[in-house]
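Okay, so here's the structure we're looking at.
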Number of protein chains: 2
Amino acid sequence: MDKESVLDTLCPVARSEAVVGDRWTVLILRELFMRSYRFEEIQAQTGGTPQMIASRLKSLEAEGIVERRRYSERPPRYEYHLTEKGEAFYPVILALRAWGETWMKSPDEGRAVQYTHLTCGKPAGLGPVCESCGKPISREDLSAALNSAYQRERDERWEAFKRSR
Amino acid sequence: MDKESVLDTLCPVARSEAVVGDRWTVLILRELFMRSYRFEEIQAQTGGTPQMIASRLKSLEAEGIVERRRYSERPPRYEYHLTEKGEAFYPVILALRAWGETWMKSPDEGRAVQYTHLTCGKPAGLGPVCESCGKPISREDLSAALNSAYQRERDERWEAFKRSR
DNA sequence: CTTGCAACTATGATTTTCATAGCCAACATA
DNA sequence: TATGTTGGCTATGAAAATCATAGTTGCAAG
């Protein structure tokens with residue numbers, strides 16, 4: 001996606017898509033929201049090849065959505081963190097989650113993640129407002145609990161990744 | 001994206017992305033929400049090639065997100081409409097819109113679309129709840145007004161498309 | 001001086017996408 | 001009868017992106 005295609009339209013949906021309209025990019029953002037900050041974790045959990053992850057992280061950084069932080073001087077090691085612009089993308093992830101939970105699952109599978117609304121202490125549900133107290137949800141008011149099957153899936157992904165290198 | 005990849009994870013974001021994680025697909029959905037129901041309109045407004053549009057519409061139909069309706073018997077002519085599952089995708093589009101308007105625009109460009117919240121008669125703003133009355137927004141309570149530059153952009157796209165055939 | 005770790009980069013085959021052109025079945029107009 | 005138009009697509013070949021697999025770098029510890 002070049003700059004021109006972004007400025008080519010006034011449509012904000014198209015502009016967003018020019019930057020994040022890609023499966024890998026969205027999965028990387030999901031991982032960052034799940035606090036997987038390192039290249040290897042992101043690679044393991046998304047299943048992407050290293051080039052996919054590297055190129056997407058590079059363009060996310062170029063767009064100011066992600067920043068690269070050195071966490072070790074020698075050997076040089078980096079983590080990726082969301083900027084303010086990146087954090088602001090959370091509602092999109094939440095909306096994708098809600099749609100996916102509602103329309104892409106059989107009823108017996110259960111929710112991958114349960115959110116508790118810290119403001120009221122009760123389940124937040126899927127919508128943009130808390131299903132328990134009705135107030136709009138923001139990310140810092142949420143506490144996430146992975147369901148055990150999903151946690152196992154992620155652990156297994158990590159193990160498999162480690163084994164394969 | 002095959003069935004397996006969808007069932008391969010419990011993550012609802014990944015499942016959604018397996019089906020709609022593609023720029024063209026999202027742009028097509030945007031057009032359907034803007035009531036462009038015909039192949040040519042969708043092609044003109046998204047800028048996709050006919051194959052792109054055809055293949056995406058086909059997979060959206062296979063996923064039950066879109067349905068193909070015959071609106072003329074002879075000659076056979078079709079329109080594409082959102083199913084309930086497709087309509088339910090609206091919050092994702094709204095969230096992408098909000099992010100795009102906030103982070104992908106210079107301040108002087110203005111909003112592409114202004115929504116009026118019919119429930120209270122005032123501007124709805126960008127968020128999931130009405131900025132005027134605070135109530136959660138649903139699509140049927142919104143009235144959209146395109147800003148004139150954006151309307152011109154769309155008219156021009158249509159003209160250019162027609163001219164080119 | 002070899003092993004291990006983390007973050008990537010390189011390579012070549014496969015798959016998608018893009019630009020351009022064309023097809024087909026009704027009609028409509030001349 | 002001929003000629004054109006409309007709408008919904010298909011066909012073709014070149015260009016670009018993606019994938020699986022393997023390798024490199026930089027450093028520290030054993």
Side-chain angles (χ1 to χ4, degrees), chain A residues 1-2 4-5 8 17-28 31-32 36-62 66-81 157-165, chain B residues 1-2 4-5 8 17-18 21-28 31-32 36-62 66-81 157-165:
Chain A
M1 312 301 159
D2 51 358
E4 289 170 61
S5 73
D8 220 39
E17 283 293 299
V19 164
V20 296
D22 169 289
R23 210 163 76 84
W24 296 119
T25 301
V26 173
L27 294 181
I28 287 170
E31 282 312 305
L32 295 172
S36 298
Y37 299 126
R38 300 192 180 172
F39 195 94
E40 287 202 301
E41 291 179 290
I42 294 168
Q43 198 197 331
Q45 296 301 332
T46 58
T49 61
Q51 299 94 309
M52 281 293 132
I53 308 304
S55 76
R56 295 317 191 279
L57 282 172
K58 208 160 284 181
S59 77
L60 283 169
E61 197 188 352
V66 153
E67 63 179 11
R68 199 174 183 246
R69 282 187 206 160
R70 168 176 263 144
Y71 70 89
S72 152
E73 287 300 326
R74 285 194 332 283
R77 292 289 140 83
Y78 304 93
E79 285 183 342
Y80 295 89
H81 286 263
R157 268 185 218 288
W158 183 245
E159 292 308 323
F161 179 82
K162 290 257 142 176
R163 246 179 279 128
S164 74
R165 20 173 19 245
Chain B
M1 313 299 161
D2 50 357
E4 290 171 59
S5 74
D8 220 39
E17 283 294 299
D22 169 290
R23 212 164 75 83
W24 295 119
T25 301
V26 174
L27 294 181
I28 288 171
E31 283 311 306
L32 295 173
S36 299
Y37 299 126
R38 300 193 179 171
F39 195 95
E40 287 202 300
E41 292 179 291
I42 294 169
Q43 197 197 331
Q45 295 300 332
T46 59
T49 61
Q51 297 94 310
M52 281 293 133
I53 307 304
S55 76
R56 295 317 191 278
L57 283 173
K58 208 160 284 182
S59 78
L60 284 169
E61 198 188 351
V66 154
E67 62 179 10
R68 200 173 183 247
R69 282 188 205 158
R70 170 176 263 146
Y71 70 88
S72 151
E73 286 300 327
R74 284 195 334 282
R77 290 290 138 81
Y78 304 94
E79 286 184 341
Y80 295 90
H81 287 263
R157 267 184 219 289
W158 182 246
E159 292 309 322
F161 179 81
K162 290 257 141 179
R163 245 178 280 128
S164 75
R165 5 171 38 239

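All values below come from the heavy atoms of this structure, side chains included, with hydrogens, waters and symmetry mates left out. In what follows, chains carry the letters A, B, and so on, assigned in the order in which the sequence lines appear, proteins first and then strands, with residues in each chain numbered from 1.
- Put simply, the side chain of B:Asp22 reaches to within 4.5 Å of the side chain of B:Arg56, judged on heavy atoms.
- Distance from the side chain of A:Asp22 is smallest for D:dT18 among the nucleotides C:dA7, D:dT18, C:dT9.
- For the pair A:Trp24 and A:Pro76, both in contact range of DNA chain D, the more 5′-proximal nearest nucleotide belongs to A:Trp24.
- The distance from atom NZ of A:Lys58 to atom P of C:dC8 is 8 Å, rounded to the nearest whole Å.
- At least one side-chain nitrogen or oxygen of B:Lys162 sits closer than 4.0 Å to the OP1 or OP2 atom of D:dG7.
- Each of A:Leu57 and A:Pro75 lies near DNA chain C, and the nucleotide nearest A:Pro75 is the one positioned closer to the 5' end.
- Rounded to whole angstrom, the span from the CE atom of B:Met52 across to the P atom of C:dT16 amounts to 10 Å.
- Atom-to-atom, CD of B:Glu31 to C1' of D:dG8 comes out at 17 Å; the value is rounded to the nearest Å.
- Mapping A:Pro50 and B:Glu40 onto DNA chain D by nearest heavy atom places B:Glu40 at the nucleotide closer to the 5' end.
- Here the side chains of B:Ser72 and B:Tyr78 are not in contact, with every heavy-atom distance at 4.5 Å or above.
- Counting non-hydrogen atoms under 4.0 angstrom, A:Arg165 reaches a base of the nucleic acid.
- In this structure, A:Tyr71 atom OH and C:dC8 atom C1' are separated by 12 Å, rounded to whole Å.
- For the 3.5 Å distance criterion, the side chains of B:Tyr71 and B:Arg77 fail to qualify, holding no donor opposite an acceptor.
- Between the CD atom of A:Gln43 and the C1' atom of C:dT9 there is a distance of 12 Å, given to the nearest Å.
- The distance between atom CD1 of B:Ile42 and atom C1' of D:dG8, rounded to the nearest whole Å, is 11 Å.
- Atoms CZ (A:Phe161) and P (C:dC5) sit 12 Å apart, rounded to a whole Å.
- Contact check, A:Tyr80 against C:dC8: a side-chain N or O comes under 4.0 Å of OP1 or OP2.
- Under 3.5 Å, the side chain of B:Arg74 and the base of C:dA26 form no donor-acceptor pair of N or O atoms.
- As judged by a 4.0 angstrom heavy-atom cut-off over every strand, A:Arg56 is placed among residues touching the sugar-phosphate backbone only.
- At the heavy-atom level, A:Arg68 lies under 4.0 Å from the strands shown only through sugar-phosphate atoms.
- Here the rule is salt bridge (Lys or Arg N to Asp or Glu O under 4.0 Å) with B:Glu79, and of B:Arg68, B:Arg38, B:Arg70 only B:Arg38 fits it.
- Within the 4.0 angstrom heavy-atom criterion, base atoms lie near A:Gln51.
- Atoms CD and CD1, from A:Gln45 and A:Ile28 in turn, are 13.0 Å apart once rounded to the nearest 0.5 Å.
- As rounded to whole Å, 13 Å separates atom P of D:dT10 from atom CD1 of B:Ile53.
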